[in-house]
Each structure stands twice: as C-alpha cells, then as structure tokens.
Amino acid sequence: MAHRVQLRLLTWDVKDTLLRLRHPVGEEYASKARAHGLKVEALALGQAFGQAYRAQSHSFPNYGLSHGLTSRQWWLDVVLQTFHLAGIQDAQAVAPIADQLYKDFSSPCTWQVLEGAEATLSGCRERGLRLAVVSNFDRRLEDTLAGLGLREYFDFVLTSEATGWPKPDPRIFHEALRLAHVEPALAAHVGDSYHCDYKGARAVGMHSFLVVGPGPLDPAVMDCVPQEHILPSLSHLLPALDHLEGLPPQL
C-alpha cells in the first residue's frame, strides 16, 4: 500500500496567485499622471516601468534593504525612473504622483482577488490545513490582504522585506516551516513562478504546485513539472491535494 502524505501546512505566493492588479501598471501610472496634469501614454509607461523595475531589482535587490533603502523609497525611485524613461524629466512634477501611486498600490481598490481564491482558501481550511503567506512583497501586504478580506485565512504572513530573504532563498521557506512547527515533507507551496515558487519550495524538501493560468506554458517548464503539480486555475488545487495525499476523488 502506497504511503499517504498528510499535509499540515500550505504556504502561498500572493501576486498573480491570489491577487492581480485591476489594471495594467502603465494604465495606473497614466491615470495618476493625468490627475496631476501630465499626459503620458500608458503603453510608454508600461514599457518604461518594466525597464525601471528590472534595473532597480538588479542594482538594489529586495527593496534595497542591504543598501539602507526603505521599500517606500525603493518604489518611489522606480516611479521616478519610469517617468524619466517615458520622457518626463521633471522629478519635482513626478514626486506627488509617486507618493499617490505608493498609497494606491496598497489599497484594495487597485487589486482584485482571483476567481476561486476565497473558495479554495476556505476549502483548505476545512481540510484542517494551516495556511501562510510567503511572498516577495513589501510591508504593505498585510493591509492589502486585510482590505480584500483574505488576511483572516492565514496564520501568518512572511514577506521578503520583513525577513530579508526573497524567494527562492531557502531561508524564507525555512522560516515559514519554523513558525508553523512543520517538517518540509508535510508542507506544500502554491505560486505562479517556476523559479521562485515551484523550484524554491522543492529545494527545501516541500511539495509545490505551479499556478499557470490560461496561457500557454513554457515548454521548458512543462518538461520539468509533473502534470499533477500544474494548476490551470485555483479550483484545481483541492483535487491536486487529494491526489498528493492519496485520497479518492471527491464527487
């Protein structure tokens, strides 16, 4: 008889796993710019944001904590650089826009809960699982989750800013396991990043599931992830847990 896995802990990524932005970043930035009298194309801002975010993440990883930055200053710099790359050189004009965007991106109004998220979290709780967040988010995450009615599902929330360790650093996963008093083999992680979530959790001995959404999956990733670990939507998680734990399908 096959040995059954009895999971005790399920950790969760947040962005693009449980939540997503209501509008693309470029549209959000363009809207706030218009409110402050600046007209910039959303497409240009979206492209510029991608460049600015990648450069900032490379130069000052994990919100620049090791360089003496706060996450707020890190994000304000990203916004200023985004507008600079999009052709707005006046930093003084952009400063109030950056302040407003920082506030807005912690507001529930900017985010939407993905379809099936609450039902899945509730179903996991009904199974007796402890739930926790392990996210490369900043200090605003607790308030964002609370504002969207999701914080109550989780025993604790770990962010890379609070711990100092961004996924896939094994230390952030080990900290979650330590707080929950659970061995890696009795825990699983759910996220949308193959590198940070799926591989990161498995590297410390946890089980993991990859949320892929409706789009095509990278063939290289598909070859590395068993089909039973792939979640086309969150509604597929509970059946996947049944499969992992060796339980008969729920009719």
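Residues take their numbers from the sequence shown, with the count starting at 1. Note: hydrogens, waters and symmetry copies are ignored here, and every other heavy atom, side chains too, is used. Here the structure is a predicted model, which is why all the values come from computation and not from measurement.
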Could you work out, with side chain to side chain donor-acceptor pair (under 3.5 Å) as the rule, every residue matching [X], not counting sequence neighbours?
X: D104; value: K32, Q100
X: E118; value: none
X: E175; value: R178

(message) Would you say the rings of H189 and F173 are close, in the sense that their centroids are separated by under 6.0 Å?
(response) yes
(request) Please check if atom CD in Q112 has more than 12 non-hydrogen atoms from other residues, nucleotides or ligands closer than 6.0 Å. (result) yes
(request) Might you confirm whether atom CD of Q73 has over 12 heavy atoms from other residues, nucleotides or ligands at distances under 6.0 Å? (result) yes
Has [X] got a side-chain atom pairing as donor or acceptor with [Y]'s backbone, closer than 3.5 angstrom?
X: D192; Y: V212; answer: no
X: T82; Y: A52; answer: no
X: H207; Y: A185; answer: yes
X: S106; Y: K103; answer: yes
X: T159; Y: R139; answer: no

Show every donor-acceptor pair shorter than 3.5 Å between a side-chain atom in residues 218-233 and any protein atom, with sequence neighbours excluded, or say none if there are none.
unit_1 : atom_1 : unit_2 : atom_2 : d
D218   : OD1    : A220   : N      : 2.9
H229   : ND1    : Y198   : OH     : 2.7
S233   : OG     : S235   : N      : 3.4
S233   : OG     : S235   : OG     : 2.7
S233   : OG     : H236   : ND1    : 2.9

(request) Measure across S208 and A201 and return the closest heavy-atom pair with its distance rounded to 0.1 Å. (result) CB-CB, 4.0 Å
(request) Just grab all the ring-ring contact (aromatic ring centres under 6.0 Å, His included) pairs involving residues 108-140, residues at least two apart or on different chains. (result) W111-F137
(request) For the residue pair N62 and S160, confirm or rule out a side-chain donor-acceptor distance under 3.5 Å. (result) yes
(request) Would you please name every residue forming a ring-ring contact (aromatic ring centres under 6.0 Å, His included) with Y102, sequence neighbours left out? (result) none
(request) Could you tell me whether R72 and D138 make a salt bridge, using a distance below 4.0 angstrom between a side-chain N and a carboxylate O? (result) no
(request) Run the salt-bridge test on R127 and E245 with the 4.0 Å N-O cut-off and return the result as yes or no. (result) yes
(request) Decide salt bridge (charged side-chain N to carboxylate O under 4.0 Å, His left out) for D197 and R202; before the verdict, give the C-alpha distance in whole Å, the side-chain angles of both, and the deciding distance to 0.1 Å. (result) CA-CA 8 Å; D197 294 308; R202 292 182 69 79; over 6 Å; no
